[in-house]
Amino acid sequence: MSESPIRMFDYRAELPELRGSILAAVERVLDSGWLILGPEVDAFERSMAEALGGGHAVGVGNGTDALVVSLWARGIGRGDEVITVANTAVPTANAIVCSGATPVFCEIDPGTGLMDVQKVADLIGPKTKAVIPVHLYGNAVDIPRLLEIVSPYELFVVEDCAQAQGARLFGKSVGALGHAATFSFYPTKNLGAYGDGGLCFTRDEGLAEEMRRVRQYGFKERDFATGPGMNSRLDELQAAILREKLRLLDGYLGARRRLAAIYDAELPLHIERLSTTPGCEHAYHLYVVRTNDRDGTSALLAERGIESGVHYRRALHNMPAFAAARRPASGLAHTESHAARVISLPLHPTLTEEQVLRVCRVLRNHG
Ligand SMILES: *Cc1c(COP(=O)(O)O)cnc(C)c1O
C-alpha cells in the first residue's frame with residue numbers, strides 16, 4: 001500500500017476548521033457597502049498594531065509593495081543605496097530596485113544563514129540610506145545589535161518580516177525591533193490570505209501618515225497628491241479573512257514549533273541544522289536544513305511521495321536583474337555555499353507528527 005503524499009503547502013487542509021467563519025466574514029463585507037480601505041482594514045490594522053506592542057499598521061497590496069511604500073515614505077529612492085542580503089527571496093531586492101535605489105548585498109552568517117550584522121558597517125557609503133534585514137525562514141536577525149552598529153549613520157532599518165510573523169527576539173515581536181517593518185500575507189506565509197495582501201508597521205506616527213499617503217496615489221487629501229505614490233491597498237475581503245485567521249495564528253505557530261522540534265531531534269547527522277539566533281523564538285515559516293547532496297536528497301524524498309523546496313537556489317547577486325547591485329570586495333562565499341546546499345522540508349500546521357517522522361525515516365535510511 002503506498003503512503004499518502006506529503007505536501008509543502010495546501011491551504012485546503014485548514015478549511016474544515018475555518019470555512020464557517022470565513023464565509024461569514026465574506027458575507028459581512030458583501031453586505032457592508034465598502035470594498036476598499038474600510039472598517040475591516042481598519043480593524044485588521046489595529047489588531048496587527050496591538051500584536052506588535054502598539055504603533056501604526058498600514059495595510060497594502062502585498063509584501064513587496066510594503067517595502068517600496070516604506071522606503072518612499074522615508075524619502076528613499078533614486079541615487080540611494082539600501083543594504084540587504086543576497087540569499088533572500090527575489091522580492092526584497094525587487095522592491096529596492098523598484099523604489100529607484102540600488103541594492104547592496106551583505107554577507108550572511110554561515111551558522112544561521114541570516115545577515116551578518118557585524119559586516120554591515122563595512123558596506124556603508126555616502127549613498128547608503130537604509131538596511132533591510134530579512135528574518136528568513138522565521139528566524140530573527142539580531143536587530144538590537146544592528147541598530148547599535150548603524151547608529152552613527154542615521155540609517156533607516158526596515159525589518160522584512162514576510163517569513164517571520166510571530167517570531168520573537170528576547171520576548172519582543174519581530175517587526176517591533178527596527179524603525180519600520182513589512183509583512184506579506186501571500187497564502188503560504190505564516191498568516192496567509194486567500195489572495196494577496198501586505199502591511200507596513202511603524203511606531204512613528206509621522207512615518208505612518210506618509211505610508212498611508214504613498215499607498216494611495218500620494219494623496220494627502222482626496223484628489224490632491226503631494227509626493228510619490230502608487231496604488232497598493234489591502235481590500236476589505238482579504239482584511240476580513242485575515243482577521244479570522246489572525247485569531248488562529250498562535251495555534252498555528254505552536255504546531256510549527258512542535259513539528260520543527262521533532263525534525264531537530266530525529267533527523268540524521270548528515271543533515272545539517274541551521275542555528276537559531278540566541279534569544280529567538282523561531283516562527284518556522286520554513287524548516288530549512290543543508291546537505292552536500294541537495295538535489296539527490298530532494299529526488300529521494302520525491303520518490304517516496306514527499307515534496308521539498310529550495311529557498312533559494314540562486315543568490316541574487318548572480319541574477320541579471322541585480323547586475324547593478326553592489327557587493328563586498330571580499331565576495332559572498334557563505335551566501336553562495338548556502339544557496340548550493342539548502343533544502344526546505346515540509347512544515348505547515350496541518351502536517352501530523354507521524355508525517356514528520358516519516359520524512360526523518362526516509363532521510364535516515366539513506367545516510
Ligand atoms: C514573500 C516574501 C516577500 C514578498 O511578499 P509578496 O506578498 O509575495 O509580495 C518579501 N520578502 C520575503 C523574504 C518573502 O518571503
Side-chain angles (χ1 to χ4, degrees), residues 8-9 11 44 48 57-72 82-99 101 103 105-106 108 112-115 130-141 143 157-167 174-175 177-178 180-201 211 214-215 230-235 238-239 241-242 245 256 274 277 282-288 309-316 319 321-322 335 338-339 342 344 347-348:
M8 286 294 284
F9 170 75
Y11 70 89
F44 177 64
M48 281 290 295
V58 179
V60 296
N62 56 66
T64 312
D65 285 353
L67 286 165
V68 182
V69 168
S70 299
L71 293 173
W72 281 3
V82 177
I83 299 171
T84 190
V85 284
N87 67 331
T88 180
V90 166
T92 310
N94 277 154
I96 296 170
V97 171
C98 184
S99 78
F105 293 124
C106 182
I108 59 168
T112 59
L114 302 179
M115 174 180 276
V131 185
I132 303 182
V134 186
H135 302 301
L136 274 173
Y137 320 136
N139 187 17
V141 178
I143 303 294
V157 174
V158 187
E159 299 172 69
D160 182 341
C161 302
Q163 298 192 2
Q165 186 158 0
V174 301
L177 303 162
T182 62
F183 292 83
S184 165
F185 310 119
Y186 182 74
T188 62
K189 308 285 166 139
N190 287 0
L191 179 63
Y194 294 143
D196 275 313
L199 184 123
C200 306
F201 173 79
M211 289 166 168
V214 173
R215 80 169 160 188
M230 63 169 83
N231 171 12
S232 184
R233 300 175 294 218
L234 184 61
D235 67 68
Q238 294 305 336
I241 290 164
L242 287 165
K245 294 191 74 182
R256 287 178 181 276
L274 298 182
T277 304
H282 202 303
Y284 288 107
H285 169 58
L286 295 166
Y287 191 86
V288 175
V310 179
H311 301 88
Y312 298 94
R313 188 174 291 275
R314 302 230 193 133
L316 303 183
M319 293 186 193
F322 309 115
T335 302
H338 184 83
V342 274
S344 308
L347 180 67
H348 53 79

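Every number for a ligand or one of its atoms is a count from 1 in the order of the listing. Both backbone and side-chain heavy atoms feed into the values below; hydrogens, waters and symmetry mates do not. On a predicted model such as this, the values are computed, not experimentally measured, just so you know.
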Point to revise | More than 12 heavy atoms of other groups within 6.0 Å of Y186 OH | key: no

Review point. Just by modelled atom types, is the L136 backbone N or O under 3.5 Å from a matching donor or acceptor in the Q163 side chain?
Key: no

Exercise for review: Could you pull out the closest heavy-atom pair between A140 and V174, with the gap in Å?
Suggested key: CB-CG1, 3.7 Å

Study note, to complete from the structure: ring pair (Phe, Tyr, Trp, His ring centres under 6.0 Å) filter on F9, not counting sequence neighbours, yields none

Practice item. Kindly tell me which protein residues have any non-hydrogen atom under 4.0 angstrom away from an atom of ligand 1, grouped by chain and ordered by number? Key: N62, G63, T64, T88, A89, P91, T92, V134, D160, A162, Q163, S184, K189

**Study point:** Nearest heavy-atom neighbours spanning L234 and A239
**Key:** CD2-CB, 4.1 Å

Practice item. Could you give me the CA-CA distance, side-chain angles and deciding distance for N94 and T64, then say whether side chain to side chain donor-acceptor pair (under 3.5 Å) is met? Key: CA-CA 8 Å; N94 277 154; T64 312; 5.9 Å; no

